[in-house]
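Here the structure is laid out as structure tokens; the discussion comes afterwards.
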2 protein chains.
Amino acid sequence: MPSEPSAPSEPFPGSRPTLEAVAARAGVSRATASRVVRGGAGVREALAEKVRGAVAELGYVPNHAARTLVTRRTGAVAVIIAEPEVRIFSDPFFSRQIRGISRELSAHDTQLVLLLLDGPGDHDRLARYLAGGHADGALAFSLHTDDPIPAIIRRAGMPTVYGGRPAADPAAVRYVDADNRGGARAAVRYLRGLGRRRIAHIAGPLDQTSALDRLDGYREEQAPGADPALIAEGAFTVESGALAMAELLARCPGLDAVFAANDLMASGALRVLKEHGRTVPGDVALVGFDDMDAVAEVTDPPLTTVRQDVEGMGRLMARLLLRDLGRARPEQGGVRPEGDVRPEDGIRPEDGSAPASVITPTTLIRRASA
Amino acid sequence: MPSEPSAPSEPFPGSRPTLEAVAARAGVSRATASRVVRGGAGVREALAEKVRGAVAELGYVPNHAARTLVTRRTGAVAVIIAEPEVRIFSDPFFSRQIRGISRELSAHDTQLVLLLLDGPGDHDRLARYLAGGHADGALAFSLHTDDPIPAIIRRAGMPTVYGGRPAADPAAVRYVDADNRGGARAAVRYLRGLGRRRIAHIAGPLDQTSALDRLDGYREEQAPGADPALIAEGAFTVESGALAMAELLARCPGLDAVFAANDLMASGALRVLKEHGRTVPGDVALVGFDDMDAVAEVTDPPLTTVRQDVEGMGRLMARLLLRDLGRARPEQGGVRPEGDVRPEDGIRPEDGSAPASVITPTTLIRRASA
DNA sequence: TTGTAAGCGTTATCAC
DNA sequence: GTGATAACGCTTACAA
């Protein structure tokens, strides 16, 4: 005997209506009801209409667990963020990226499960989570050279896209990164165009590829044989920028420009420059990186800086992953093999090898500091 | 005939081992294997040991969907953030709160599903999501007076805790909020203690309770009959703060202090004060709110401001919700009825009525601007 | 096109 | 204590 002879037109308090109830209500089999709920291909319109009616009256919503159990697809993507450093949350970088990711995922009815790892203790949890089949794919941010997380993810064997080029074996994975090197070059070139000749650099922590790439870009635009004393390493924080600046002033009192690897460090540098009686941009021109508006627009003077489209990068990460999951966006037109990502989205890395990673462009934003 | 006669000692490539396989391997029934996997109460130690061995050898991880299907518990909590305004992501407020939430949830093996709503178009998606039984409870941030989201959540009928006091019917829901009024009072009191007498206020958008409460606090500490022209409304952004400051200077050139409802507006105000030739804190003392370090430590001079423990508030939200879900933390000691939240965590609202909401304390952080 | 029925991997209710 | 066995709600061959 099938469930209720006649389902109530209002959803039950507590237990939600099942497909069985919808089928009964519409006078069809569960199979047909299921077909209609999933798009209705191959069902006579008359019946489909009845089923849709029943769905509406009953307020039916598919049970996700049941569906996942049989399809083996969760409709969810894990976003993995390791945060050994507090820094991550004192700048809006991740927020922005996540917003881009979220937008793209929800456009494809995919849920975002956020995994914030607090330290090595959480690695087990991550492994268990991925193994448990909670998510169909993963988006991860590669932070440090020696991060064990990529290995854990690889072991889980699910499609993954990284945010930022991983330090280890970047050719083996898919990633989306800003054109850090190009952005740095543009910054230095701009300073040179201003007539500056003794351009210092405050680098980020050199176990992160973004910091390394910016340093590389800086070096490439320097006059050959430039003084290595013009480079100081910071940690992407305000304080470290201040420290580095003090060090640079001591070593090279004659510097007339500074390119800092991010805005936070630039703001620290700015403070120290003022304390030492240097005017900005008069005595020293200053350029940052990130265009983190909460900082760059707030300093005095506001920072000239290199902008990266963080939200766009997030969207791109999600899009790449969805493609791997076989859920490329339909409204985007036909999906060309390896072609979902259009030229405007970024620049392909030279190698052009298997996992098509994407490098997104940066722009120099002129404000008052240089 | 049951599945494999003898399971392989290495996990299959592709399909993961099931409980059935573990049971077979250990020579017990599926029921017993299940008991062990879930804690092993009521199973002879010898057998339990065998099962644990099989689990380890096979690399067994429970299938989440199957478990959810029968227990009707997902082990996930939805975190709902509406972001009509870009502001949300240009300040680290949500990032911090989410980190607190994440920490508490993962300590209880609960997943965080992030729902970022991009506008009214996403309301359907939210309703469907909640109805689909993806999550056991919800954490939401109430942003505006007329937000329809609370109604949607209520209709879904799941335990919910709000971040920030909702404008509508706050007594009907559980929430965690900072002591905005108290913080504002402390700020103004401090300015008065400095000998300032014409203290202006740059309020936040008055359709948010946080802005309202800060305004109330300001008013309460003002000398009775203070000039209402000393109040200007902003929008929690740098630019709006600048605009408000210009307006205030025009209306009340004699002002000697400003209390801004957040740091971003304070920084905008600071810029305008300088442009008008006023020194800070010499001519005008300035106090912000939030202690958003990326801003408060970066301005010149750094901001004196009111700090709220955002991460702690996030943790508290999660803890309250977990309690409602019957998953109060064990290591916290016995769970007293309505008593999981200790006094140090915050101040109970006066009413003391049913949904025990929590108000967390604020602290004045002295820097150079006042 | 539509219906029947066999799972999907667990948990939970019983007997034993 | 332990083991059959019936759900849980859905998708999907396979038949009709």
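Below, read A as the first sequence line, B as the second, and so on, with proteins coming before strands; counting in each chain starts at 1. As a basis for the values below, the full set of heavy atoms in this structure was taken, side chains included, without hydrogen atoms, waters or symmetry mates. None of these values were measured; they are calculated from a predicted model.
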Quick check: on DNA chain D, is the nucleotide nearest B:Ala66 upstream (toward 5') of the one nearest B:Leu47, or the reverse? Name the residue that is more 5'.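 The answer here is B:Leu47.
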For B:Val70 and for B:Glu45, find the nucleotide of DNA chain D with the closest heavy atom, then tell me which residue's nucleotide is more 5'. B:Glu45
Counting just side-chain N and O atoms, does B:Arg72 come under 4.0 Å of either OP1 or OP2 of C:dT11?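 Looking at the OP1 and OP2 atoms of C:dT11, neither is under 4.0 Å from any side-chain N or O of B:Arg72.
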Could you list the residues that satisfy side chain to side chain donor-acceptor pair (under 3.5 Å) with A:Asp122, not counting sequence neighbours?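 Counting only residues at least two positions away or on another chain, A:Asp122 forms a side chain to side chain donor-acceptor pair (under 3.5 Å) with A:Arg125.
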With the side chain counted from C-beta on, respond yes when [X] and [Y] share a heavy-atom pair under 4.5 Å apart, and no when they do not.
| X | Y | result |
| --- | --- | --- |
| B:Ile80 | B:Phe141 | no |
| B:Val77 | B:Leu105 | yes |
| B:Thr68 | A:Thr68 | no |
| B:Tyr162 | B:Pro150 | yes |

Pairing of A:Arg44 and A:Glu49 as salt bridge, 4.0 angstrom limit: no
Do NZ/NE/NH1/NH2 and the carboxylate oxygens of B:Arg319 and B:Glu104 come within less than 4.0 Å?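 Salt bridge flag = yes for B:Glu104 with B:Arg319.
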Check the distance between [N]'s [atom2] and [X]'s [atom1] and give it to me in whole angstrom.
| X | N | atom1 | atom2 | answer |
| --- | --- | --- | --- | --- |
| A:Arg73 | C:dC8 | CZ | P | 19 Å |
| B:Arg67 | C:dA12 | CZ | P | 10 Å |
| A:Asn63 | C:dC8 | CG | P | 18 Å |
| A:His64 | C:dT10 | NE2 | C1' | 17 Å |

Students should find this one: the first and last nucleotides of DNA chain D, 5' to 3', lying under 4.0 Å from a heavy atom of chain B. What are they?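 Endpoints of the contacted stretch of DNA chain D: D:dG1 to D:dG9.
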Rounded to the nearest 0.5 Å, what separates atom CD in A:Gln97 from atom CE in A:Met313? 5.0 Å
Quick one: list whatever passes side chain to side chain contact (heavy atoms under 4.5 Å, CB included) with B:Arg35, sequence neighbours left out.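 If we apply the side chain to side chain contact (heavy atoms under 4.5 Å, CB included) test to B:Arg35, skipping adjacent residues, the hits are B:Ala31, B:Thr32, B:Arg38, B:Val43.
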Given B:Ile153, B:Leu320, B:Leu321, the one that forms side chain to side chain contact (heavy atoms under 4.5 Å, CB included) with B:Pro159: B:Leu321
Between residues 26-34 of chain B and DNA chain D, which residues have a heavy-atom gap below 4.0 Å? B:Val28, B:Ser29, B:Arg30, B:Ala31, B:Thr32
DNA chain C: A:Arg44 or B:Val61, which has the more 5' nearest nucleotide?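 Result: A:Arg44.
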Looking at five pairs on each end of the helix from C:dT1-D:dA16 to C:dC16-D:dG1, what is the angle between the two axes, given to 10 degrees?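 Rounded value for the end-axis angle: 40°.
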What donor-acceptor contacts under 3.5 angstrom involve side-chain atoms of residues 129-139 of chain B, with partners at least two apart or in another chain?
from	atom 1	to	atom 2	distance (Å)
B:His134	ND1	B:Tyr129	O	3.0
B:Asp136	OD1	B:Thr74	N	2.8
B:Asp136	OD1	B:Thr74	OG1	2.9
B:Asp136	OD2	B:Thr74	N	3.3
B:Asp136	OD2	B:Thr74	OG1	3.4
B:Asp136	OD2	B:Gly75	N	2.8
B:Asp136	OD2	B:Arg327	NH2	3.0

